[in-house]
Asker: 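Got a structure for you, questions after.
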Amino acid sequence: MSSFFEKVHHLVRQVPPGKVTSYGAVARMLEHPHAARTVGWALHSLPSAREGDERGGVPWWRVLNSKGCISLAGEHGAGLQRELLEAEGVEVSERGCVDLMRFGWEGLLWYEIEELMKEE
DNA sequence: ACAATGACATAAG
DNA sequence: GCTTATGCCATTG
C-alpha cells in the first residue's frame with residue numbers, strides 16, 4: 001500500500017459483478033470525501049497497465065460518476081464501458097445511466113476496508 | 001517546493 | 001435539465 005491509487009484499485013476490485021459504484025463513494029470509503037477526482041485519475045491512469053494484473057483485474061467500468069451515469073468526460077471507453085456493464089446484467093439507459101437503486105453497490109464496511117488495506 | 005493536471009462533486013445561474 | 005464556476009486531492013513534471 002504505497003499510493004492512493006492502490007487503495008482505489010483494491011477497493012474497486014471488491015465491486016461484485018452486476019453492481020456499480022461511484023467515484024465519490026469510493027473516495028468516502030477511503031476516508032477522503034473530497035478526493036473523487038483523484039479516484040477517477042487513479043482509474044484512468046491505472047499504473048502497470050498490463051494484461052493479467054491491475055488493469056485486467058480492476059473492473060474500472062463499474063465505477064460511474066455521482067449520478068450513476070457514464071460521463072467519462074468525453075471519450076475513453078464510454079462505449080466499451082456500457083457494453084461491459086450490460087454484459088454483466090446491468091441495465092444502462094441510452095444516455096449511459098444506471099439505476100443505482102437496483103445496481104448500486106452498498107460498499108464495504110469499515111472493518112472490511114481496513115482488512116483489505118492491511119494486506120498487500 | 002511550486003504549478004499543472006484530471007475518467008469528479010456540488011452549488012448556482 | 002444543462003452549463004458554468006469553484007472546491008478538493010494525490011500524482012507528476
Side-chain angles (χ1 to χ4, degrees):
Chain A
M1 196 61 58
S2 46
S3 64
F4 204 77
F5 283 20
E6 291 191 34
K7 288 184 182 178
V8 175
H9 299 160
H10 285 277
L11 188 54
V12 174
R13 274 183 207 164
Q14 311 313 309
V15 182
K19 298 262 181 151
V20 299
T21 187
S22 68
Y23 298 95
V26 172
R28 282 193 294 271
M29 280 185 250
L30 295 177
E31 299 186 47
H32 284 258
H34 299 266
R37 301 190 79 177
T38 312
V39 173
W41 206 23
L43 294 182
H44 109 84
S45 185
L46 277 183
S48 56
R50 301 261 46 181
E51 322 128 26
D53 46 72
E54 304 301 285
R55 193 157 201 167
V58 180
W60 54 269
W61 55 87
R62 297 187 193 135
V63 184
L64 311 169
N65 64 12
S66 63
K67 303 180 195 66
C69 299
I70 300 174
S71 147
L72 294 191
E75 189 53 40
H76 265 291
L80 172 63
Q81 180 166 16
R82 202 178 70 216
E83 286 182 44
L84 290 166
L85 288 174
E86 295 184 320
E88 294 183 354
V90 177
E91 288 179 32
V92 183
S93 70
E94 320 235 338
R95 281 169 58 251
C97 293
V98 175
D99 185 348
L100 294 177
M101 289 298 282
R102 291 188 296 168
F103 305 104
W105 182 43
E106 303 84 18
L108 296 174
L109 299 176
W110 68 270
Y111 57 83
E112 294 181 300
I113 296 176
E114 245 182 37
E115 290 298 316
L116 181 63
M117 293 304 137
K118 192 182 296 179
E119 45 185 286
E120 300 193 43

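None of the values given here were measured: they were computed from a predicted structure. Each chain gets a letter, A, B and so on, in the order its sequence line appears, and its residues count up from 1.
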Asker: Could you state the CH2-P distance from W60(A) to dC8(B), rounded to the nearest angstrom?
Answerer: 13 Å
Asker: Does S71(A) place a side-chain N or O at less than 4.0 Å from the phosphate oxygens OP1/OP2 of dC8(B)?
Answerer: yes
Asker: Any N/O pairs under 3.5 Å between the protein and nucleotides 9-13 of chain B? List them or say none.
Answerer:
residue: dA9(B); atom: OP1; partner: G24(A); partner atom: N; Å: 3.4
residue: dA9(B); atom: OP1; partner: S66(A); partner atom: N; Å: 3.0
residue: dA9(B); atom: OP2; partner: S66(A); partner atom: N; Å: 2.8

Asker: Between P on dC8(B) and CG on L72(A), what's the gap in Å once rounded to a whole number?
Answerer: 7 Å
Asker: Between atom CE in M29(A) and atom P in dC9(C), what is the gap in whole Å?
Answerer: 18 Å
Asker: Write down the atom of P59(A), the atom of V12(A), and the distance for their closest heavy-atom approach.
Answerer: CG-O, 3.2 Å
Asker: Any pair with a residue in residues 89-107 of chain A that passes side-chain hydrogen bond (donor to acceptor under 3.5 Å, both in side chains), sequence neighbours left out, goes on the list, sorted by first then second residue, please.
Answerer: K19(A)-E106(A), E91(A)-R102(A), D99(A)-R102(A)
Asker: Please name the pair of heavy atoms, one in I113(A) and one in M29(A), separated by the smallest distance, quoted to 0.1 Å.
Answerer: CD1-O, 3.5 Å
Asker: Specify the closest pair of heavy atoms between H10(A) and L116(A), including all atoms of both residues, with the distance to one decimal.
Answerer: O-CD2, 3.8 Å
Asker: What integer distance in Å separates H34(A):NE2 from dC8(C):C1'?
Answerer: 7 Å
Asker: Decide side chain to side chain contact (heavy atoms under 4.5 Å, CB included) for L72(A) and Q81(A); before the verdict, give the C-alpha distance in whole Å, the side-chain angles of both, and the deciding distance to 0.1 Å.
Answerer: CA-CA 10 Å; L72(A) 294 191; Q81(A) 180 166 16; 3.3 Å; yes
Asker: Check the distance between dA7(B)'s C1' and L43(A)'s CG and give it to me in whole angstrom.
Answerer: 7 Å
Asker: Take the protein atom CZ of F5(A) and the nucleotide atom P of dA7(B), then report the distance between them rounded to whole Å.
Answerer: 12 Å
Asker: Separation of H44(A) atom NE2 from dG6(B) atom P, in whole Å?
Answerer: 7 Å
Asker: Below the 4.0 Å mark, does dA10(C) have OP1 or OP2 next to a side-chain nitrogen or oxygen of H32(A)?
Answerer: yes
Asker: Of W41(A) and R95(A), whose nearest nucleotide on DNA chain C comes first from the 5' end?
Answerer: R95(A)
Asker: For a side chain to side chain contact (heavy atoms under 4.5 Å, CB included) check, start with the C-alpha distance between R62(A) and E88(A), then their side-chain angles and the critical distance, and finish with the verdict.
Answerer: CA-CA 10 Å; R62(A) 297 187 193 135; E88(A) 294 183 354; 2.7 Å; yes
Asker: Would you compute the distance between atom CD of E31(A) and atom CD of E114(A) and round it to the nearest 0.5 angstrom?
Answerer: 8.0 Å
Asker: Could you state the CG-C1' distance from L30(A) to dC8(B), rounded to the nearest angstrom?
Answerer: 14 Å
